[in-house]
Amino acid sequence: MVAFQNSSPQLRTITTNSSSKKQVSVLHLAFYLQTAAWIFSTMLFWTNIIPTVGKGANATQLLSDFKSGLECHFAHELSSSGCQYATLYGWLFMVSYLTFILSSLRFLTLCQSAVYTLSLATSSLPLVGIWWSLFKMNLTEVGMIIWAPSVTGELICALLGLPIVVIGLTLLCKSHFKECKLSKMTPSCLTSTQLA
């Protein structure tokens, strides 16, 4: 069983209910999880040559696709041959993903509720569906997002799901603060002083 320990507001650790009382930092745990996911993804790159799963027909085509993918993502020129700004968008994605991970970890250490953290993160899913139904990427110019609204199944599902997600998140937030108020456990509850 894993529990958070409130030793100080600046350093939150995870303790396990074992005889050794091993303490692990939340940042170290996130680093281990991201590294394990990266290793797992890297080990399965060869599935691209399986006939109905991937695009590659053989190992040489797989290596050629792998090489061109690396050149597109790490090229010095913004528009290499056939890459269409993959370098710029790839690095922007990495920066935004790191920002998301670090802010999620900060929120997790403040509220100490994985359910609350994940439910807050999933509330963005309907908003993303609505955003990409209203705007499209213009592939001819770098960074251009054009107004191109379209009614799709994704938009309809996002519009139907958004009120459900918002109501669920509101009820979860109310119950979280009510539980904190009833238990008088202010260190483990998200308060305005901890957010500062």
Let me confirm one number: the [atom1]-[atom2] distance from [X] to [Y], rounded to the nearest 0.5 Å.
{"X": "S103", "Y": "L98", "atom1": "OG", "atom2": "CG", "value": "10.5 Å"}
{"X": "S150", "Y": "W132", "atom1": "OG", "atom2": "CH2", "value": "12.0 Å"}
{"X": "T122", "Y": "L169", "atom1": "OG1", "atom2": "CG", "value": "7.5 Å"}
{"X": "F100", "Y": "F107", "atom1": "CZ", "atom2": "CZ", "value": "11.5 Å"}
{"X": "L110", "Y": "T117", "atom1": "CG", "atom2": "OG1", "value": "9.0 Å"}
{"X": "L155", "Y": "L134", "atom1": "CG", "atom2": "CG", "value": "6.5 Å"}

Note to self: Assess the residue pair V165 and L125 against the criterion (side-chain contact (heavy atoms from CB on, under 4.5 Å)); give the C-alpha distance rounded to whole Å, side-chain angles, the decisive distance to 0.1 Å, and a yes or no.
What the structure shows: CA-CA 9 Å; V165 171; L125 293 176; over 6 Å; no

Next item on the list: Could you tell me how the ring of F135 sits relative to the ring of W131: parallel (under 30°), tilted (30 to 60°) or perpendicular (over 60°)?
Entry: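 Ring orientation, 0 to 90° scale: tilted.
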
Give the minimum heavy-atom separation between [X] and [Y], together with the two atoms involved.
{"X": "A158", "Y": "P126", "answer": "CB-O, 3.5 Å"}
{"X": "E154", "Y": "G129", "answer": "OE2-CA, 3.6 Å"}
{"X": "P163", "Y": "L160", "answer": "CD-O, 3.5 Å"}

Item checked: Side-chain touch T170/K174, heavy atoms, less than 4.5 angstrom ->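 Yes - at least one pair of side-chain heavy atoms lies under 4.5 Å apart.
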
Notebook entry, point to check: Would you say W38 and Q34 make side-chain contact, with heavy atoms under 4.5 Å?
Noted result: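 Answer no - side chains too far apart.
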
Check: Can you list the steps and then say if R106 with L102 is a side-chain contact (heavy atoms from CB on, under 4.5 Å)?
Finding: CA-CA 6 Å; R106 177 70 177 149; L102 293 176; over 6 Å; no

Check: Is it the case that one hydrophobic cluster holds both M137 and W147, taking links as side-chain heavy atoms less than 4.5 Å apart, direct or via other members?
Finding: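 Shared cluster, yes.
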
Note to self: Check for me, please, whether I101 and L118 land in the same ILVMFWY cluster - side-chain distances under 4.5 Å, paths through other members count.
What the structure shows: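 Different clusters: I101 never reaches L118 through Ile, Leu, Val, Met, Phe, Trp or Tyr contacts under 4.5 Å.
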
